[in-house]
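The structure appears right after this line, and notes come after that.
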Amino acid sequence: MTHLAGVADWLAWFGVFITLASLAWSAKRYVDLRKVEDEHARYRRFFEIMDMLGSSGSIASKVAAAYQLRSYPEYADLLERFCRESQRYVRGDSAELCWTNFGGLPSISRFEGGGNEVDA
């Protein structure tokens, strides 16, 4: 009889293990899907902000949009290149606003901390 109890115990533990493994896999999959959804929403929001900068809205909304771009350090290289090159192609308040906030930076520190400090 002790042998059957041992097998039954192993089967019970195996069932618990399979259940917990399934739960862990489901949780990991859910977190991965949420991460992809959040990245996509962030991507869409970034381009909405860029559209706002290029629109014919008020200068106040453009300043707010430019300030909000600091929340996207993953696009820092793109923003710096865009602002550097925008002076050739874009005229008016949008180009000046972009250059004032992001162009000509010696480093990318403004994107990391969100502050106004620039490393020399």
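As the structure is a prediction and not an experimental result, all values here were calculated from the model.
Using a cutoff of 4.0 Å between basic side-chain nitrogens and carboxylate oxygens, D77 and R81 are not scored as salt-bridged.
Qualifying salt bridge (Lys or Arg N to Asp or Glu O under 4.0 Å) partners for R29, counting only residues two or more places apart in sequence or in other chains: none.
With a 4.5 Å cut-off between side-chain heavy atoms of Ile, Leu, Val, Met, Phe, Trp and Tyr, the cluster of I18 takes in F14, F17.
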Next item on the list: Go through L69 and F46 one step at a time and tell me if the side-chain contact (heavy atoms from CB on, under 4.5 Å) criterion holds.
Entry: CA-CA 7 Å; L69 286 174; F46 172 78; 3.6 Å; yes
Checklist line | Pair Y43-Y75, side-chain contact (heavy atoms from CB on, under 4.5 Å): steps then yes or no | finding: CA-CA 10 Å; Y43 168 83; Y75 296 108; 3.2 Å; yes
Checklist line | V36 vs H40, side-chain contact (heavy atoms from CB on, under 4.5 Å): CA-CA, chis, key distance, verdict | finding: CA-CA 6 Å; V36 168; H40 186 66; 5.6 Å; no
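Here the CD-CE distance, from Q68 to M50, works out to 13.5 Å after rounding to the nearest 0.5 Å.
Residues Y30 and W25 are members of separate hydrophobic clusters, defined by side-chain heavy-atom contacts under 4.5 angstrom among Ile, Leu, Val, Met, Phe, Trp and Tyr. Both L78 and Y72 belong to a single network of hydrophobic side chains, linked directly or stepwise wherever heavy atoms of I, L, V, M, F, W or Y lie under 4.5 Å apart.
Smallest separation of non-hydrogen atoms from P73 and R42: CD-NH2, 3.8 Å. When all heavy atoms of A65 and I49 are compared, the pair lying nearest together is O-CG2, 3.4 Å.
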